[in-house]
Amino acid sequence: MNNSFDDVIVGAGIAGIVAGLVKAKQGRRVLLVDSAHVAGGLMKSMHTEEGYVFDYGTHLLSELAIEELDDLLFSEVRKGDWLQFDYLKSGHYIKGVLGEKSPVVDAGTMDLANYYKGLYELVETVSQRSSSYGNLIEQLNCTFGSTITNQLIAPAVEKLFYEPASNLAPDSHLLFGLARVQGFSAESVRILKQFEPLNEALAFRSHHEGKTGQTRFYPSTGGIGQWVNILLEKLSGFGAQVLLGTQIESLGVENGIVNELTLSNGEQVQCNSLTWTVPLFGLLRLLPIELAKPIEPLKFLDSYLVHLIVDRAPITDLHYYCNYDPAFSHFRTTLYSNMQSKGDELGYRATVEVFRPNDSDSSKPTGDSILKELIDCGVFPSNSKVVYEKAELLKNSFPIPTINFRKMQSDQLYIAKKYIKNIELFGKARGDIFFMNDVIVDVYENATR
Ligand SMILES: Cc1cc2nc3c(=O)[nH]c(=O)nc-3n(C[C@H](O)[C@H](O)[C@H](O)COP(=O)(O)OP(=O)(O)OC[C@H]3O[C@@H](n4cnc5c(N)ncnc54)[C@H](O)[C@@H]3O)c2cc1C
């Protein structure tokens, strides 16, 4: 292996791969290092011995409305055997109702008295909006009013994070798509949304409205992991090297500049710049500094991905929905047969996400218990059976953005940047940007400079 690089990038998830592509395309000598034996991070697919495929994190790709970046990431996908969608059939489940027209929670699932009271308060609270809030519950009350907050949003947030909303930092609800609610008629919403404070709290009544114009992609057969193979091939075409099953053992730092890294395979490499896309805790432990307070790892939720094959077809045509109802343990269900318009020989594949608090000892969810929930939610018919199941535990999946988490995160970012001048932090290293497209755009905008 060549031992001298312009950029060493730690982590070959989507953040590291895109950083590598952007840098290597500029002619820079790039090395990507990942501790796992397969690249892609959460952008991967799991293949069963029988040949069935299930995805991990993000399922659908979405154009980013930046021409150069879309060409870099999607030119092969656009030409290949991929399905293209101009909108997603996404729904939600709350208060015992599967909403199939929009992913946004529907205030109409409350009883009529609370519905009218809730919408009145939502309009009335416009005068209480502020540019900053002390915690999430304060923000929710000032955005939606107390009825919608207490009946819909706070119970959903608390189910998902296992934390009281008063412990969570403002904007935590955005991580689970709880920015807005549905209410009023479709016509009234169009008029009300012209007033910015109401636009921020109210959603259109259907997933057909408010389309972004960006195309979404999913392979017509197989899983989303194919995209990583396309990107890795491109990366290698630009001359970048990828080293899997490897970690950074130590850093050589001179006057705040990292210029040498020792890898876990014993090799030493020289670099002009370090890009860190994995949790900062691992980097800070390598710094040759004494800190007043020891650094603690940030807390993330653990997630079970329950991959199922069910013998009957789903009775909804949704591509996916999110379950905000505290009566159910699962969050998102993705229905592959609805995306690919066909089942498999054995049945109909689904991946169901179930969260657990960090390092909890709660038991693994079983396929039967999860299918029962899906039947109760009106997703599969009542006589369905599980014909295949596999539950995988993803450690450290979603951040638990308590007020303390945000403080520790900003302290860790401060220390990393104070002691290393030639470092760039993306993806998991930042902790404040979560969704894949936001991660990609952040990398593109900063790594191209
Ligand atoms: C269950 C789940 C569902 C999600 N669904 C969506 C979705 O629908 N839409 C969306 O936009 N986003 C979704 N996300 C978020 C999305 O997965 C992230 O935006 C994306 O994975 C971020 O990419 P990354 O490269 O920062 O991190 P990761 O994908 O986590 O990749 C990090 C990589 O770093 C490697 N690594 C870790 N530690 C080290 C180390 N010390 N040394 C070397 N390598 C290391 C890992 O092996 C991994 O390959 C979801 C996340 C989860 C957990």
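In listed order, ligands and their atoms are each counted from 1.
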Any N/O pair Ser35/ligand 1 closer than 3.5 Å: yes
Neighbour count >12 (heavy atoms, 6.0 Å) for atom CD, Glu50: yes
Pair Phe176 + Phe355: ring centers closer than 6.0 Å: yes
Numbered atoms and elements of ligand 1 in range of Phe434, under 4.0 angstrom, heavy atoms: 14 (N), 15 (C), 18 (C), 19 (O), 50 (C), 51 (C)
N or O pair under 3.5 Å between Ala15 and ligand 1: yes
Enclosure of Glu196 CD (heavy-atom neighbours >12, cutoff 6.0 Å): yes
Closest approach of any protein heavy atom to atom 2 (C) of ligand 1, naming residue and atom: Phe398 CE1, 3.6 Å
Non-hydrogen atom of Gln247 closer than 4.0 Å to ligand 1: yes
Close N or O approach (Val439, ligand 1; < 3.5 Å): no
Arg332-ligand 1 polar pair, N/O distance under 3.5 Å: yes
Nearest protein heavy atom with distance in Å, relative to atom 26 (O) of ligand 1: Lys428 N, 3.1 Å
Interfacing atoms of ligand 1 (cut-off 4.0 Å, heavy-atom, Gly11): 34 (O)
Top protein contact for atom 10 (C) of ligand 1, by heavy-atom distance: Thr58 OG1, 3.3 Å
Set of residues satisfying side chain to side chain donor-acceptor pair (under 3.5 Å) with respect to Ser337, sequence neighbours excluded: none
